[in-house]
*Asks:* 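Shown below is the structure under consideration.
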Amino acid sequence: MPELPEVETIRRGLKDLISGKKIVKIEILNLKSYPNSQTDTNNFVIGYHIIDVRRRAKLLMIDLNSGYSLLIHLKMTGQLVYVSKKLRFGAGHPNDSLVNQLPDKSTRVIIELSDSNLFFNDQRKFGWIKLLPTDLLTDETYFSKHGPEPLENLTLTAFKNNLKKRLKSNIKAVLLDQSVIAGIGNIYADESLFLAKIHPKTMVGDIGSKKLADLYKSIQQVLQLSISKGGSTDKNYVNAEGKKGSYLEFAKVFRRDNLPCPVCGTTIIKIRVASRGTHLCPKCQKVKILTR
DNA sequence: CACTTGACCTGTCCGC
DNA sequence: TGCGGACAGGTCAAGT
């Protein structure tokens, strides 16, 4: 899926594109993608205006002036693509990309606005759009099981304290755990661990205080760089305008197995950690040998 | 309790 | 060209 930088990129684009607009219709092409009643949709969505687009962790919130919000999780392959009703381009035109071909076979929900459509595409059907009261979407309620935002309210002390709860787990599994820190997924876990020179299988309890500080910094650096590049496109990710992100061109290890490490030239390997494909440089990221 | 595995889906790629 | 199996950016529930 889209991880934090991809969801944040979509949020920024969408906020500009759809704020103030009215939802005129919701077309549901796959029931599981939109698990809400027709009554609630009629009462709290249709005819209402979009007043904000927010993000928490990997979730997007489209707030309406009805007191309700559309809460969206893109999971692995979800996309939210804005297409104006007026602007369509002919074949061969530079903008004759994805946006011209929608809806397609992966389109699950169409949110129709007065002058445009928002296509919720999701090849694997894991993603969803839930209709919930806006005041339920707070850290005290809906997000109580999510950890802090790594780029906002996460101090180094809090970071260390959160990791202390998982001393016996390997660090990669812990970075992927949304209740520890919100928003990191497989790409940025691998990239952060490479930058901090920590082997993904290292037990949290074996990582020293200085290394933890390195990791804290690396996470923020990697996420910020990716946001500035518009996120990572592996296969499916596109931003609100249907365009791909370029971060993967800057990735140091992710999807670079069998290529040389940009720091030492050693061949990058791919292994399995926390049952996820995991990329690392075996020289830069040594496993700590435990002496007993 | 802490941690790992399987399930949810579709599509693609690789080996035979 | 076809078929089987592994794998894909996430997260739950169920299992050990």
Side-chain angles (χ1 to χ4, degrees), chain A residues 1-10 29-35 55-60 71-80 98 103-109 120-130 142-147 162-194 200-205 219 222-223 225-227 229-239 244-258 269-279:
Chain A
M1 145 204 167
E3 306 179 28
L4 185 155
E6 291 75 34
V7 180
E8 177 60 19
T9 302
I10 293 170
L29 306 175
N30 181 60
L31 277 176
K32 279 186 158 180
S33 305
Y34 187 85
R55 178 190 63 77
R56 174 74 170 92
K58 300 173 188 173
L59 288 136
L60 273 173
L71 178 71
I72 303 169
H73 202 310
L74 301 169
K75 293 290 179 85
M76 304 277 256
T77 55
Q79 307 174 327
L80 267 180
L98 172 69
D104 66 16
K105 62 178 172 178
S106 77
T107 302
R108 309 301 178 201
V109 181
F120 177 62
N121 305 323
D122 186 18
Q123 180 189 101
R124 291 174 74 180
K125 299 181 179 173
F126 291 163
W128 42 254
I129 301 177
K130 291 178 186 172
Y142 194 88
F143 296 107
S144 62
K145 287 174 203 131
H146 285 261
N162 287 356
L163 291 189
K164 272 180 199 159
K165 300 169 199 157
R166 303 285 303 276
L167 289 178
K168 287 170 294 177
S169 305
N170 64 62
I171 184 64
K172 167 130 182 189
V174 175
L175 290 182
L176 292 175
D177 184 339
Q178 300 299 296
S179 71
V180 177
I181 312 163
I184 299 174
N186 210 30
I187 299 175
Y188 303 108
D190 284 5
E191 291 293 303
S192 305
L193 288 168
F194 172 79
K201 277 189 173 168
T202 314
M203 285 208 313
V204 171
I219 288 168
V222 160
L223 294 177
L225 175 64
S226 182
I227 291 173
K229 302 298 175 192
S232 298
T233 294
D234 179 12
K235 289 188 176 139
N236 295 278
Y237 166 75
V238 291
N239 69 15
K244 298 179 175 190
S246 70
Y247 174 83
L248 276 197
E249 295 168 27
F250 303 85
K252 302 277 202 295
V253 288
F254 189 81
R255 284 290 155 84
R256 293 183 52 79
D257 36 312
N258 296 321
I269 58 170
K270 183 175 181 183
I271 61 173
R272 251 175 134 73
V273 183
S275 60
R276 310 296 302 275
T278 299
H279 313 74

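Treat the numbers as computed from the prediction; the structure is a model and nothing was measured.
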*Asks:* How close or far is atom C1' of C:dG10 from atom CG of A:Leu4, stated in whole angstroms?
*Replies:*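 To the nearest whole Å, that distance equals 14 Å.
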*Asks:* Using the C1' atom in both, what is the distance from B:dT12 to C:dT11, to the nearest Å?
*Replies:*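 Looking at atom C1' only, B:dT12 and C:dT11 are 23 Å apart.
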*Asks:* Spell out, as yes or no, whether a donor-acceptor pair under 3.5 Å connects the side chain of A:Asn239 to the backbone of A:Ile10.
*Replies:*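 Not at all, since once roles are kept as given, no pair shorter than 3.5 Å links the two residues.
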*Asks:* If I take atom CG in residue A:Leu163 and atom C1' in nucleotide B:dC3, what distance separates them, rounded to the nearest angstrom?
*Replies:*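 Atom CG in A:Leu163 sits about 16 Å away from atom C1' in B:dC3.
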*Asks:* Could you work out the separation of C:dG5 and B:dG6 based on their P atoms and round it to a whole Å?
*Replies:*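 After rounding to an integer number of Å, I get 16 Å for this pair.
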*Asks:* Only one of A:Asn30, A:Leu31, A:Leu29 forms a side chain to side chain contact (heavy atoms under 4.5 Å, CB included) with A:Ser33, so which one is it?
*Replies:*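 With A:Ser33 as partner, A:Asn30, A:Leu31, A:Leu29 yield a single side chain to side chain contact (heavy atoms under 4.5 Å, CB included), made by A:Asn30.
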*Asks:* Identify the nucleotide, in any strand shown, that forms a Watson-Crick or G-U wobble pair with C:dG4, with both distances under 3.5 Å; if there is none, say none.
*Replies:*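 Its partner is B:dC14.
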*Asks:* With nearest nucleotides of DNA chain B determined for A:Lys235 and A:Lys165 from heavy-atom distances, which residue corresponds to the more 5′ nucleotide?
*Replies:*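 The residue closer to the strand's 5' end, by nearest nucleotide, is A:Lys165.
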*Asks:* With respect to the side chain of A:Met76, which nucleotide from C:dG9, C:dT11, B:dC9 is positioned closest?
*Replies:*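 For the A:Met76 side chain, the nearest candidate turns out to be C:dG9.
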*Asks:* Are side-chain N/O atoms of A:Ser232 and A:Tyr237 paired as donor and acceptor at under 3.5 Å?
*Replies:*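 There is no such pair (donor and acceptor under 3.5 Å, judged by atom type) between the side chains of A:Ser232 and A:Tyr237.
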*Asks:* Sticking with atom P, work out how far C:dG9 lies from B:dC3, rounded to a whole angstrom.
*Replies:*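 About 22 Å, rounded to a whole number of Å.
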*Asks:* Say we look at B:dC1 and C:dG10: how far apart would their P atoms be, to the nearest angstrom?
*Replies:*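 Roughly 27 Å separates the two P atoms.
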*Asks:* Looking only at the side chain of A:Lys105 (C-beta and beyond, no hydrogens), which of the listed nucleotides C:dG9, B:dT10, B:dG11 gets closest?
*Replies:*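 Nearest listed nucleotide: B:dG11.
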*Asks:* Starting from C1' on B:dG6, measure out to CZ on A:Phe126 and report it in whole angstrom.
*Replies:*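 A:Phe126 atom CZ is separated from B:dG6 atom C1' by 12 Å.
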